[in-house]
Protein chains: 2
Amino acid sequence: MLQTVQRAAQVLRLFTPEQAEWGVTEVAAALGLPKSGAHSLLSTLASEGLLQRIPGGRYRLGWSLFEHSQTLLETTDFLLIARRVMEQLVAGWGETTHLAVLIDGQVLYVEKLQGDRALEIVLSRVGKRLPAHCSGVGKVLLAHRPWEEVLAIVKRQGLPSLTPNTITSIDRLRIELEEVRLQGFAYDQEEVMVDLCCAAAPIRDETGEVIAALSLSVPAYRFYPYRQRLTTAVIEAAQHVSMQLGYYVETPEWTRPKRSGSRSAAWATRA
Amino acid sequence: MLQTVQRAAQVLRLFTPEQAEWGVTEVAAALGLPKSGAHSLLSTLASEGLLQRIPGGRYRLGWSLFEHSQTLLETTDFLLIARRVMEQLVAGWGETTHLAVLIDGQVLYVEKLQGDRALEIVLSRVGKRLPAHCSGVGKVLLAHRPWEEVLAIVKRQGLPSLTPNTITSIDRLRIELEEVRLQGFAYDQEEVMVDLCCAAAPIRDETGEVIAALSLSVPAYRFYPYRQRLTTAVIEAAQHVSMQLGYYVETPEWTRPKRSGSRSAAWATRA
DNA sequence: ATCTGTGTTCAGAATAGATGAACAACTGCC
DNA sequence: GGCAGTTGTTCATCTATTCTGAACACAGAT
């Protein structure tokens with residue numbers, strides 16, 4: 001493991017929306033390095049475009065990161081496909097959909113489309129991470145990881161509670177994840193934010209591995225009456241993506257649409 | 001300059017939309033390193049989330065780049081402001097607007113909004129670079145850099161010609177950039193793509209430095225009849241952004257709107 | 001089963017980077 | 001206006017980190 005590269009990555013991680021500018025001394029203090037060391041890190045990162053120097057010897061994140069991010073997004077197959085499906089979901093339901101991946105044990109929101117009926121969900125923001133155990137997408141993603149990995153994650157990050165409904169016991173989590181894996185979907189019942197519920201389902205690549213999760217969030221009072229339809233919609237939307245990624249879905253009895261046409265996209269519209 | 005960090009950045013740059021996946025041997029060959037060296041670079045980058053390992057010992061760009069990119073975008077003031085202005089421009093004109101910055105002598109497209117009248121401009125893509133000397137935004141950005149810097153850029157990258165109209169002589173470039181600096185705007189008359197023209201203007205921060213450029217692109221046959229109005233619109237839109245960034249614009253006589261209300265945003269609509 | 005291509009590991013050798021002090025440039029404060 | 005107290009920058013020394021090449025493990029294809 002190259003120490004210098006690790007330190008460079010640490011430096012990048014210092015730059016957050018809360019503190020977007022850093023000077024040499026600040027970085028040195030934050031990482032416990034001598035000033036000269038911080039200086040060489042910052043100046044090489046800047047010369048490579050990963051940081052930019054701004055007047056006053058301070059630094060900001062550089063545009064190369066934006067370029068690399070764009071290349072990542074453009075070459076991520078599931079994203080392009082999922083976006084289209086999400087647009088249909090939003091158009092039909094008027095609610096908010098999220099697409100997320102699992103990054104060191106946390107949920108990273110990759111895409112978010114807001115519907116016209118939807119209330120602003122402040123907590124979820126594209127590019128932001130959230131603990132995995134409380135959200136619908138998070139539970140889906142965790143459910144399809146080996147249990148030891150989940151255990152390691154919880155050991156490292158705990159089970160922070162965001163609402164009174166958040167799962168805070170490891171046993172409860174184990175049981176729920178097992179359910180989620182067997183059922184093929186997860187609910188979030190006001191676990192990340194009061195009055196907010198969601199249904200979430202896994203997206204699989206051609207090997208069958210779960211690579212992302214899709215969710216449809218609704219206010220609590222609309223969740224319970226529509227739960228069944230919501231569930232079907234999310235599952236079928238996610239399966240639709242998986243199939244386009246080359247995964248062969250053995251459609252279970254109860255989710256199979258009456259008329260077989262997958263082009264009709266019945267899941268995209270509320271009944 | 002930390003060699004290891006430079007190499008890590010080189011590795012990241014290998015990942016492009018054309019080749020989004022790399023293995024150890026490929027990277028070693030591409031950078032002229034021993035396999036073991038490439039291996040430690042790749043595995044540290046992956047452990048830091050800047051790359052991700054995919055089955056088969058291959059690597060892709062990692063989601064951390066997406067996160068950092070989002071932080072960059074969220075903390076870039078001119079982007080948020082420019083976006084609103086661009087939306088108005090597109091709504092009023094139905095044409096395509098671009099927002100770009102200068103990154104080592106090249107134009108990087110940061111935002112692009114397509115209008116309903118607009119034809120698809122394939123060459124410009126958000127996150128993509130283009131040589132600066134041929135586009136409207138490029139000429140604006142170059143015009144406000146010291147001439148020695150421009151000279152160094154041309155020496156390094158030459159003056160590649162994309163159409164018969166592209167500037168290919170350094171003298172011609174010097175003259176045109178001087179004009180652009182004095183006038184406060186630039187035209188692209190089919191220099192990047194035949195049948196495509198644009199008008200572009202600089203965006204300045206509170207210190208008066210040019211930090212980005214805004215353009216409105218139109219098909220050639222609509223450019224000449226509307227040139228004057230187009231120019232005014234782009235200049236005022238860009239100034240509008242600059243002012244919101246804290247730059248005090250001494251409005252020249254001929255661009256001043258008849259009625260003083262800047263809220264009316266006369267520039268946003270075609271006459 | 002063998003061969004060619006992967007990715008991975010490990011040792012020693014050598015160089016790239018860590019370090020702290022001394023310098024320069026800047027700011028704000030008296 | 002000059003003087004602290006900042007800041008970022010440079011440099012030479014020394015050590016530890018990284019580079020290297022060969023040997024290993026593993027996969028897929030023939």
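Naming: A, B, ... by sequence-line order, numbering from 1 per chain. No experiment lies behind these values; they were computed from the predicted model shown.
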Within a strict 4.5 Å, meaning less than it, do heavy atoms of the B/Gln106 and B/Ile103 side chains meet? no

Residues in residues 2-13 of chain A with a heavy atom under 4.0 Å of DNA chain C, by number, are A/Gln3, A/Thr4, A/Arg7

Is a salt bridge present between B/Glu26 and B/Arg58, judged by a nitrogen-to-oxygen distance below 4.0 Å? yes

Dot-bracket, 5' to 3', for DNA chain C please: Watson-Crick or G-U pairs under 3.5 Å, [ ] where pairs cross earlier ones, | where the partner sits on another strand, dots elsewhere. |||||.|||||||||||||||||.||||||

Rounded to the Å, how far apart are B/Leu41 CG and D/dT18 P? 10 Å

Distance-only, no hydrogens or angles: does the A/Lys139 side chain make a donor-acceptor pair with backbone N or O of A/Cys134 under 3.5 Å? no

Length of the line joining B/Leu33:CG and D/dA22:C1', which is rounded to integer Å: 17 Å

Checking C/dT19, D/dT9, C/dG7 against the side chain of B/His39 (C-beta onward), the nearest is C/dG7

Whichever of A/Trp22 and B/Lys35 has the more 5' nearest nucleotide on DNA chain D, that residue is A/Trp22

After noting the C-alpha distance and the side-chain angles of A/Arg204 and A/Glu209, does the key distance pass the salt bridge (charged side-chain N to carboxylate O under 4.0 Å, His left out) rule? CA-CA 5 Å; A/Arg204 311 180 112 101; A/Glu209 209 195 336; over 6 Å; no

Quick one: do B/Arg129 and B/Asp104 satisfy salt bridge (charged side-chain N to carboxylate O under 4.0 Å, His left out)? Show the steps, please. CA-CA 10 Å; B/Arg129 295 184 188 206; B/Asp104 29 64; 2.7 Å; yes

Please round to the nearest 0.5 Å and tell me the distance separating atom CZ of B/Arg7 and atom OG1 of A/Thr4. 11.5 Å

In whole angstroms, how far is the P atom of C/dT8 from the CD atom of B/Glu26? 13 Å

Side chain to side chain, B/Trp63 and A/Leu72, heavy atoms closer than 4.5 Å: yes

Interatomic distance, B/Lys35 atom NZ to B/Ser40 atom OG [nearest 0.5 angstrom]: 13.0 Å

So what does B/Thr25 touch, heavy atoms closer than 4.0 Å: a base, only the sugar-phosphate, or nothing? sugar-phosphate

Among residues 50-60 of chain A, which ones have heavy-atom contacts with DNA chain C below 4.0 Å? none

Looking across every strand, which nucleic acid part, if any, lies under 4.0 Å from A/Gly23 by heavy atom: base, sugar-phosphate, or nothing? sugar-phosphate

Write down the distance separating the P atoms in D/dT7 and D/dC11, rounded off to the nearest Å. 22 Å

Min side-chain heavy-atom separation A/Glu48-B/Arg13 under 4.5 Å: yes

Nearest-Å distance for atom pair CE/C1', residues B/Met1 and C/dG17: 13 Å

Just so I know, are the side chains of A/Gln157 and A/Pro131 near enough to count as touching, which here means a heavy-atom distance under 4.5 Å? no

Is a salt bridge present between A/Glu148 and A/Lys155, judged by a nitrogen-to-oxygen distance below 4.0 Å? no

